[in-house]
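Reading through the C-alpha cells given below for one structure.
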Amino acid sequence: MGKRRLYIQTFGCQMNVHDSEKIMALMGSSGYVTTDDLVEADLIIVNTCSIREKAKQKIYSELGRFRKLKEQRPDIIIGVGGCLAQQKGSEFLRKYPFLDLVFGTHNIHRIPEYVKNIEISRAAVISTDFQESVESLNVVAVPQNGKISAYVTIMQGCNNFCSFCVVPYLRGREESRALTDIIKEVNILADHGVKEVILLGQNVNSYGKSPGNGHDFPELLQEIGKIDDIERIRFTTSHPKDLSERLMTSFKTVDKLCEHIHLPVQSGSDRILGMMNRCYTSADYLDKVKSLRSICPDISITSDFIVGFPGEEDWDFQATLDLMKIIKFDGAFSFKYSERVGTAAIDIKKKIPECVKRERLQVLQSLQGKHTLERHALLIGNIEEILVEGFSKKCRDDMIGRTRTNRIVNFRGESELIGKTVSVVITDAYQHSLRGILL
Ligand code: 5AD
Ligand code: SF4
C-alpha cells in the first residue's frame with residue numbers, strides 16, 4: 001500500500017496550529033503524508049476552536065462540506081478535534097453521523113491508534129477524557145520545509161477562569177511539562193536547524209507553579225538560553241497578574257529572549273476588569289508596563305481587548321481608550337464579546353447590543369491602527385537585527401524576516417540568507433510590516 005494522505009484544517013490560536021503540527025508528525029510516523037488537496041485525502045482532521053461564536057459557525061459550515069465528500073467516498077476517515085470537539089463530544093457524532101473520530105484536547109497522542117482501529121473496524125471513536133498526564137504535550141513536531149521557527153508547548157490548561165473564557169473548561173487545569181522534557185525537545189529542534197523557539201501556554205508566567213514542579217518560567221528561559229544553536233526565544237501568552245519582577249528582569253539577563261511581550265489587558269475599566277475576574281486594575285497594569293519599559297526600553301508590547309462585555313457603559317469603553325492612549329501598544333487583537341455557554345459572564349444581565357459592540361470595535365481598531373503606525377514609524381533609520389525566515393509571498397525578489405521585537409520586515413535579498421541573522425536599515429513603516437535595506 002502506498003502512502004496515505006492526511007488533509008488537516010486548523011481553526012483558532014497558535015496552540016491549535018501547534019497541535020496540528022503534532023498530529024502531522026504523529027501521522028507521519030504512521031505512514032501518512034500531508035496534502036493540501038482535499039480530493040486526494042484518505043484522512044481528514046479538523047482541528048477546531050470554540051473561543052468565539054464566529055469560529056464555531058465557520059467550523060459548522062466546513063463540516064457540511066465534508067458530509068458531501070463522505071457521501072461520495074465512504075472509505076475516507078474524518079476526525080474532529082480541538083476545543084469544540086472537547087465541548088461537544090458525542091453530541092458532535094449525533095449531529096454529524098458521518099464523522100469517524102471525535103477527540104479532545106488531551107488525547108492527541110492517541111490519534112494514530114484511533115485511526116488504525118477505525119481503518120480495521122470502521123467503528124466511530126469518541127475520546128474526550130481529560131488526562132492528568134501531559135503525554136500529548138511531549139509529542140515533538142520537527143518543523144518541515146526548512147522552517148527556522150518552531151513552537152514548543154510548555155504547559156497546558158488554565159486555572160484563571162476569566163468570566164468570559166471557555167478555555168479552562170475545554171483545556172482543563174494547568175499542568176506544566178517537566179523542564180528536562182522541554183530542554184530535550186528544544187535540543188532536537190536545534191539539531192534540525194531551528195533558530196527560534198516560541199514557548200506556548202495559556203499563561204506561561206505560571207509555568208511550574210500548579211502543581212509545583214520545582215522550577216519557574218524565568219529559570220526555564222535561562223536554561224533554554226544556554227542551548228547553543230537557538231538564537232531567539234519568544235513566548236506567549238502572559239497574564240498581567242502573574243508578570244513577576246523576576247520575569248521582567250529576564251529581558252535583561254537572558255540575551256536570547258526577544259524584546260516583545262503579548263500582555264492581554266482586555267479592558268481599561270476597573271469595574272469591567274473586576275467583572276471579568278482578571279485580578280488586576282488598570283493602575284496595576286500601567287505599573288507593570290512602566291517597569292517593563294524601564295527594564296527594557298525598546299520592548300514591544302501587544303495586547304488583546306474585548307469590547308461590549310456585559311454591562312460595559314460608554315465611560316468604561318472610554319477608560320479602555322484612555323489606557324490605550326497612555327500606553328500606545330505596538331499592536332493588538334480586539335474582539336467583540338461573544339457569549340460562551342458555561343462561563344460566568346453569561347449570567348451578567350446587561351447585554352450590549354451588536355451594533356454598539358461593532359461601533360466600539362471600529363473606534364478601538366482605528367485608534368490602535370494609528371498607534372501601530374506611530375510606533376512603526378519610530379523605527380525608520382534604525383539598524384535592526386533580522387532573522388530571515390524565507391521569501392516574501394507577495395514578491396519573490398523580497399526576503400521576509402522579523403525584528404527581535406516581532407515586526408515583519410521585507411527587504412531585497414538572496415535565498416542563502418534564510419536562517420541567518422542580518423542587519424537591515426529600516427526605510428519605510430506600514431501598518432503590518434516594515435521595509436528596509438540589507439546592510
Ligand atoms: N469573547 C470575545 N473574546 C474572547 N476572548 C476570549 N474569550 C472571549 C469571548 N468570550 C479573547 C480574549 C483573549 C483572546 C485569546 O481571545 O481577548 O485574550
Ligand atoms: Fe482564558 Fe483567562 Fe485562562 Fe486566558 S487566562 S485562557 S483568558 S481563562
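All ligand and atom numbering here is 1-based and tracks the order in the structure. All residue numbers refer to positions in the sequence shown, counting from 1.
- Numbered from 1 in the order shown, with element, the atoms of ligand 1 that lie under 4.0 Å from a heavy atom of R52 read 1 (N), 2 (C), 3 (N), 4 (C), 5 (N), 11 (C), 16 (O).
- Distances below 4.0 Å separate heavy atoms of H239 from the following atoms of ligand 2: 5 (S).
- Using a 4.0 Å cut-off between heavy atoms, Q266 makes no contact with ligand 2 at all.
- Atoms of ligand 2 found under 4.0 Å from any heavy atom of R278 (numbered from 1 in listed order, with element): 2 (Fe), 7 (S).
- Close approach of ligand 1 to Y337 (heavy-atom distance below 4.0 Å) involves ligand atoms 1 (N), 2 (C).
- Interface atoms of ligand 2 facing C162, defined by a heavy-atom separation under 4.0 Å, are 2 (Fe), 5 (S), 7 (S), 8 (S).
- The ligand atoms of ligand 2 that sit less than 4.0 angstrom from a heavy atom of N160 are 5 (S).
- Heavy atoms of C158 found under 4.0 angstrom from ligand 2 belong exclusively to the side chain.
- Any N or O atom pair closer than 3.5 Å counts here, and P264 shares no such pair with ligand 1.
- Heavy atoms of F335 found under 4.0 angstrom from ligand 1 belong exclusively to the side chain.
- Taking every non-hydrogen atom of P168 and a distance limit under 4.0 Å, the qualifying atoms of ligand 2 come out as 8 (S).
- Note on ring orientation: taking the six-membered ring where Trp is involved, the planes of Y285 and F329 are tilted (angle from 30° to 60°).
- Close approach of ligand 2 to Q202 is summarised as follows: ligand atoms under 4.0 Å from at least one heavy atom of the residue are 6 (S).
- The atoms of ligand 2 that sit less than 4.0 Å from any heavy atom of F161 are 8 (S).
- Atoms of ligand 2 found under 4.0 Å from any heavy atom of C165, numbered from 1 in the order shown, are 1 (Fe), 6 (S), 7 (S), 8 (S).
- Heavy-atom proximity to K336, at under 4.0 Å, picks out these atoms of ligand 1: 1 (N), 2 (C).
- Counting the atoms of ligand 1 from 1 in the order shown, those under 4.0 Å from a heavy atom of Q266 are 12 (C), 13 (C), 17 (O), 18 (O).
- Of all protein heavy atoms, the one closest to atom 10 (N) of ligand 1 is S338 O, 2.8 Å.
- Set against the non-hydrogen atoms of R340, the atoms of ligand 1 under 4.0 Å away are 10 (N).
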